[in-house]
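One structure is given here, and the rest of the page talks about it.
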Amino acid sequence: MREFQFARPGSVAEAVREADPGTAFLAGGTTLVDLMKLEVMTPGRVLDINRLPLRAIEATGEGLEIGSLVRMRDVATHTLVRRDYPVVAQALEASASGQLRTMASIGGNLLQRTRCGYFRDVSVPCNKRRPGSGCPAVGGENRMHAVLGTSDSCVATHPSDLAVALVALDATVRLRSRTGERTISLRDLYLLPGDTPHREHDLQPGELITAVVLPRLPWASHSIYVKVRDRQSYEFALASAAVAVRRERDTIVEARVAVGGMGTRPWRLAAVEAALAGRPATEASYEAASARALDGVRPLRHNAFKPELMRRTLVRALLELERTR
Amino acid sequence: MPVVTQSEGMSRRELLSRSGVVATAVATVPLIGADALAEEAPGEVGVRMTVNGTVTPLTVDPRETLLDVLRERLRLTGTKKGCDRGQCGACTVHVDGERVVSCLTLVATLGGARVTTIEGLADGDRLHPLQQAFIDHDGFQCGFCTPGQIMSAAAVIEDGRARTDDQIREQMSGNICRCSAYPGIVAAVQQARKEMR
């Protein structure tokens with residue numbers, strides 16, 4: 001690990017005032033410490049933000065506001081999250097391991113870096129890590145890589161399950177920087193790789209996520225997260241689906257659909273949502289609508305199985321959701 | 001400020017026997033905080049944590065992980081280094097009663113924290129119910145992952161949500177056993193769960 005300066009700011013204002021482009025905020029450390037050991041991340045300065053007052057979960061008029069330092073486990077076990085947004089609790093419980101869920105904050109979860117093996121190996125090129133150096137994954141080992149939102153510069157998958165559930169719910173994030181506060185949709189936080197895969201987020205240097213807001217959406221209580229992976233637990237997704245459905249009798253009125261393991265960022269499927277709306281809640285409808293998930297996919301040499309796996313995962317999620325009614 | 005540094009090469013025994021005495025003397029050791037930000041010295045950070053009930057003041061390089069400090073400086077070698085990347089669970093300990101992987105925990109962040117390792121689990125010569133259960137059910141072969149398994153299982157039982165074998169497997173999935181003693185581990189957790197209630 002490279003040397004860094006360590007400090008513990010006493011307030012959010014102080015944290016964002018002290019942060020510069022070479023600064024990393026340290027919360028649970030499960031991404032940062034790992035990547036500092038690998039020297040993939042080499043911040044000159046680390047600000048330990050764990051003592052900042054960003055640990056509350058509060059029901060507001062807008063919805064449920066979750067402080068960015070709340071641990072994954074504590075979000076997953078929260079009564080209101082489980083009752084009103086089961087897709088969020090399930091996505092969290094399907095993530096990482098018990099130890100890591102105890103440690104990792106939800107702000108950090110949303111900003112975790114890709115698991116692409118080339119990104120994590122400083123001895124090889126990577127456009128994300130060293131802009132312009134090339135992407136060995138495009139022609140290399142790419143079974144786990146993305147099929148949506150890719151570019152010739154980067155095909156790395158976004159690894160967060162939580163982000164998939166939150167994007168389906170139109171969650172927003174509150175951000176604080178030395179120039180003030182703003183709230184943006186989580187979807188807009190994530191950038192497509194394009195020619196600049198090293199730019200992953202719409203964050204200014206030193207900008208800090210202070211909270212995640214789950215908007216009020218009464219029918220989100222009828223939601224589910226299904227994750228398909230190489231082993232049953234403690235593994236990143238090959239394909240995952242976050243689905244919420246509003247039904248009136250046997251008709252789907254509205255649906256929210258997002259997938260993980262597929263995109264360079266958590267991927268909302270508006271075409272599938274549109275194809276579900278107004279249709280009878282039957283397996284045939286689910287099959288037909290899920291076919292729209294394949295719009296624009298770009299499979300790579302080792303992951304040609306992914307589009308069909310995504311489609312089937314969606315159908316399964318819709319069927320399993322029906323059973324929870 | 002009485003601190004223990006690596007160069008002093010203090011043994012665990014010396015440290016533990018001394019630290020009870022120094023505990024009161026270091027009550028005012030400044031934790032790095034708001035004031036430290038202003039005059040941030042590169043280099044070491046003073047931290048006072050409690051390890052297995054013993055107040056332990058340390059000065060650390062901010063890069064030092066809890067795992068390395070436990071093993072190399074405090075000589076608490078029960079905690080094992082497997083992958084050193086947060087993937088295997090062999091280094092699992094408790095911080096403030098919660099299970100964490102010590103390889104991804106920087107000691108600099110642990111001012112005031114209460115750390116429990118496998119060495120702190122038994123009551124003198126009387127084994128903790130989980131330790132006994134791992135013996136009773138052959139919950140290991142080589143034993144390398146066992147301290148992490150036991151610390152993880154203690155937190156799982158404390159949490160109280162894992163009751164069935166499947167739930168235990170799911171909650172324990174962050175602890176890899178390459179000898180594949182999993183059936184014995186699940187049986188051991190089940191036995192201890194009943195005894196610890």
Working to the nearest 0.5 angstrom, can you tell me the gap between [X] [atom1] and [Y] [atom2]?
X: A:Gln232; Y: B:Ser173; atom1: CD; atom2: OG; value: 9.5 Å
X: B:Arg99; Y: A:Ser97; atom1: CZ; atom2: OG; value: 7.0 Å
X: B:Leu106; Y: A:Leu32; atom1: CG; atom2: CG; value: 8.0 Å
X: B:Thr109; Y: A:Ile49; atom1: OG1; atom2: CD1; value: 12.0 Å

When B:Met172, B:Arg161, B:Arg85 are compared by non-hydrogen pairs under 4.5 Å with chain A, the top option: B:Arg85
Portion of A:Arg120 that has a non-hydrogen atom of chain B nearer than 4.5 angstrom: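 Only the side chain of A:Arg120 comes within 4.5 Å of chain B.
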Step-by-step side chain to side chain contact (heavy atoms under 4.5 Å, CB included) determination, A:Gln99 to B:Val101: CA-CA 6 Å; A:Gln99 290 95 319; B:Val101 285; 4.0 Å; yes
Residue pair A:Arg8 / B:Ala108: nearest heavy atoms and the distance that separates them: NH2-O, 3.0 Å
Heavy-atom closest pair, residues A:Met103 and B:Leu104: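 Heavy atoms of A:Met103 and B:Leu104 come nearest at CE-O, 4.0 Å.
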Those residues of residues 21-29 of chain A, ordered by number, that approach chain B below 4.5 Å (heavy atom to heavy atom): A:Leu26, A:Gly28, A:Gly29
Residues B:Arg63, A:Phe6; criterion side chain to side chain contact (heavy atoms under 4.5 Å, CB included); working and verdict: CA-CA 9 Å; B:Arg63 293 172 292 182; A:Phe6 179 87; over 6 Å; no
How about [atom1] on [X], more than 12 heavy atoms from neighbouring residues, nucleotides or ligands closer than 6.0 Å, or not?
X: A:Glu320; atom1: CD; answer: yes
X: A:Glu3; atom1: CD; answer: no
X: A:Glu141; atom1: CD; answer: yes

Main-chain N/O of B:Ile176 paired to A:Tyr234 side chain as donor or acceptor, under 3.5 Å: no
Charged N-O contact under 4.0 Å between A:Arg73 and B:Glu98: yes
